[in-house]
Amino acid sequence: VMDYNSALLSCVRDGRMKEAMTIFKRLQGAGLRPDVVSYTALIQGFGKRKCYNKVTDVFSEMQRNRCPPDLKFCTVLISTFGSGGLPSLAESAMQYAHAQGLQPDAIAYTALVHAYAQEGLWEEAEKALRGMLDDGVLDDRPYAALVAAYGKAGLLENVDKVLKVMESCGVQAGTVLFNALINIHSKAEAPEKARAVLQLMQADGCECDEITYTSVMEAFTRNSQPSLAESLMEEMKQNGIQPGAVSYAVLISGYCQCGRLGDAERILRSMQNAQCKPTIEVYNIMINGYASAKMRNQAERLFQGLQDSGLRPNTVTFNTLISMYIRSRRRNQAEEMYSRMQQADCKPD
RNA sequence: UGGGAUAACUC
């Protein structure tokens with residue numbers, strides 16, 4: 001069953017659900033019983049594809065087969081309903097967990113708070129946080145989910161209120177919560193405030209991670225200061241955190257936005273030298289940089305290059321190229337790219 | 001060993 005499960009999981013990660021179902025059927029055909037991990041994988045996969053009818057099918061089949069759920073399974077249920085904009089089903093999943101005698105942990109509550117906050121159901125999100133305290137779970141990460149959502153909604157007064165509530169409940173801010181605050185400052189074009197949070201973390205001995213540094217870097221790139229972002233990346237490395245693909249992407253994007261394509265290429269090379277494989281997002285950023293600079297040949301070179309390196313163009317890639325051709329009134333090439341996109345049956349992210 | 005949340009690309 002474990003071998004089937006790992007095959008299932010790799011299909012689910014790439015969104016290949018038809019293949020996942022084939023494996024699942026083979027598992028059953030071999031006379032084996034799917035376990036809770038198998039069902040969890042299927043639900044996660046169908047949730048990503050937004051096939052909620054399939055999700056409930058899998059769920060009822062699991063109940064029919066008397067396979068007992070565990071907390072991770074319930075958390076996946078909560079989060080798939082949550083990201084589908086179905087917070088009341090997420091709540092039911094949480095109640096189901098309780099009814100099964102499972103004690104929800106901070107991760108489960110984070111999923112629930114996120115489900116409500118995504119939909120702007122602030123009262124219920126805060127109620128979920130109170131329920132968490134009643135369960136004796138003290139963790140800043142569920143608060144971070146709410147803080148981030150308030151930030152996106154522009155309700156900054158509420159951010160402060162949540163922080164005070166959290167403090168009064170004896171919950172200490174940790175990395176994830178600070179990261180969310182940094183991101184709020186970044187979006188508000190306040191890079192110095194973002195950097196101040198980073199310094200506060202360092203002074204407090206709170207661990208900084210890749211997201212911490214990347215968020216501060218982005219704050220500077222939004223302020224058209226990619227060189228400052230680059231020095232932050234150096235600082236990150238010196239503190240023992242290796243930049244991953246997203247960190248490089250942010251920096252490359254910053255240089256592209258300033259039209260500094262040579263610098264963007266330089267960072268791309270340093271990424272490759274660091275054995276960090278450029279992702280499709282990085283190529284999209286570079287293509288968009290060249291498109292904005294009206295350097296179509298370079299954009300096309302990268303479009304070819306990404307395919308040569310074994311990556312598949314996605315919807316964003318095609319959208320970027322199509323609008324480049326439209327902006328330069330190259331109708332035929334736009335249409336050709338459009339038909340390529342249809343042939344490529346690209347996956348929505 | 002399967003779960004959530006905080007950072008990047010087009011529209």
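In what follows, chains are A, B, ... by sequence order, proteins preceding strands, each numbered from 1.
- Within 4.0 Å (heavy atoms only), A/Ile211 reaches at least one base atom of the nucleic acid.
- Here A/Val246 lies in heavy-atom contact (under 4.0 Å) with a base.
- Among the protein residues, A/Ala249 comes within range of the nucleic acid bases, having at least one heavy atom under 4.0 Å from a base atom.
- A donor-acceptor pair shorter than 3.5 Å cannot be found between the side chains of A/Ser215 and A/Asn179.
- Checking B/A5, B/G2, B/U6 against the side-chain heavy atoms of A/Asn183 singles out B/U6 as nearest.
- At a cut-off of 3.5 angstrom, counting only N and O atoms as typed in the model, there is a donor on one side and an acceptor on the other between the side-chain of A/Asp70 and the base of B/G2.
- A/Asn332 and A/Tyr325 are not linked by any side-chain donor-acceptor pair at a separation below 3.5 angstrom, with hydrogens and angles left out of the test.
- Between the base of B/G3 and the side chain of A/Thr75 there is a donor-acceptor pair shorter than 3.5 Å.
- Of all nucleotides listed (B/A7, B/U10, B/G4), B/U10 comes nearest to the side chain of A/Ser323.
- Between the base of B/G3 and the side chain of A/Asp105 there is a donor-acceptor pair shorter than 3.5 Å.
- Rounded to whole angstrom, the span from the CD atom of A/Glu230 across to the P atom of B/A8 amounts to 20 Å.
- In this structure, of B/G2, B/G3, B/A8, it is B/G2 that holds the atom nearest to the side chain of A/Val37.
- Side-chain proximity of A/Val176 to B/G2, B/A7, B/U6: nearest is B/U6.
- In the hydrophobic cluster analysis, where Ile, Leu, Val, Met, Phe, Trp and Tyr join through side-chain heavy atoms closer than 4.5 angstrom, A/Ile107 is grouped apart from A/Val176.
- Closest contact between the side chain of A/Thr110 and the listed nucleotides B/U6, B/A5, B/G2 involves B/A5.
- Among B/G3, B/C9, B/A7, the nucleotide with an atom closest to any side-chain atom of A/Ser215 is B/A7.
- Nucleic acid contact class of A/Ile280 (heavy atoms, under 4.0 Å, all strands): none.
- With rounding to whole Å, A/Arg340 atom CZ is found 21 Å from B/U10 atom P.
- One interatomic measurement links the two molecules: CD1 of A/Ile285 to C1' of B/A7, which rounds to 12 Å at whole-angstrom precision.
- As judged by a 4.0 angstrom heavy-atom cut-off over every strand, A/Ala41 is placed among residues making no nucleic acid contact.
- Counting to the nearest Å, the P atom of B/C9 and the OH atom of A/Tyr255 are 18 Å from each other.
- Distances shown here put a side-chain N or O of A/Gln44 below 4.0 Å from the OP1 or OP2 atom of B/G4.
- Considering only the side chain of A/Glu218, B/A8 comes nearest among B/A8, B/U6, B/G3.
- When distances run from any side-chain atom of A/Ile107 to the nucleotides B/G4, B/U10, B/A8, the shortest one goes to B/G4.
- Aromatic ring pairs are classed by plane angle as parallel below 30°, tilted from 30° to 60° and perpendicular above 60°; the pair A/Phe81 and A/Tyr52 is tilted.
- Side-chain contact of A/Tyr39 with A/Asn65: a donor-acceptor pair under 3.5 Å is present, judged by distance alone.
- At a cut-off of 3.5 Å, with distance as the only test, a side-chain donor of A/Gln304 or A/Asp308 sits close to an acceptor on the other residue.
- Remark: P of B/C9 and CD1 of A/Ile267 are 17 Å apart, rounded to the nearest angstrom.
- Put simply, CD on A/Gln103 is 21 Å from P on B/G3, counting in whole angstrom units.
- Straight-line distance from the CG atom of A/Asn288 to the P atom of B/C9: 10 Å, rounded to whole Å.
- Between A/Lys237 and A/Glu234, at least one side-chain N (NZ, or NE/NH1/NH2) sits under 4.0 Å from a carboxylate O, which counts as a salt bridge.
- As judged by a 4.0 angstrom heavy-atom cut-off over every strand, A/Thr214 is placed among the base-contacting residues.
- Nearest nucleotide to the side chain of A/Ser253, out of B/G2, B/A8, B/U10: B/A8.
- Within the structure, a side-chain polar atom (N or O) of A/Lys187 is placed less than 4.0 Å from OP1 or OP2 of B/A8.
- In this structure, A/Asn5 reaches neither bases nor backbone, as no heavy-atom distance under 4.0 Å exists between it and the strands shown.
- For B/G4, neither phosphate oxygen OP1 nor OP2 lies less than 4.0 angstrom from any side-chain nitrogen or oxygen of A/His114.
- The side chain of A/Lys152 has B/A7 as its nearest neighbour among B/U10, B/G3, B/A7.
- Per the geometry, CG belonging to A/Asn319 stands 10 Å off P belonging to B/U10, to the nearest Å.
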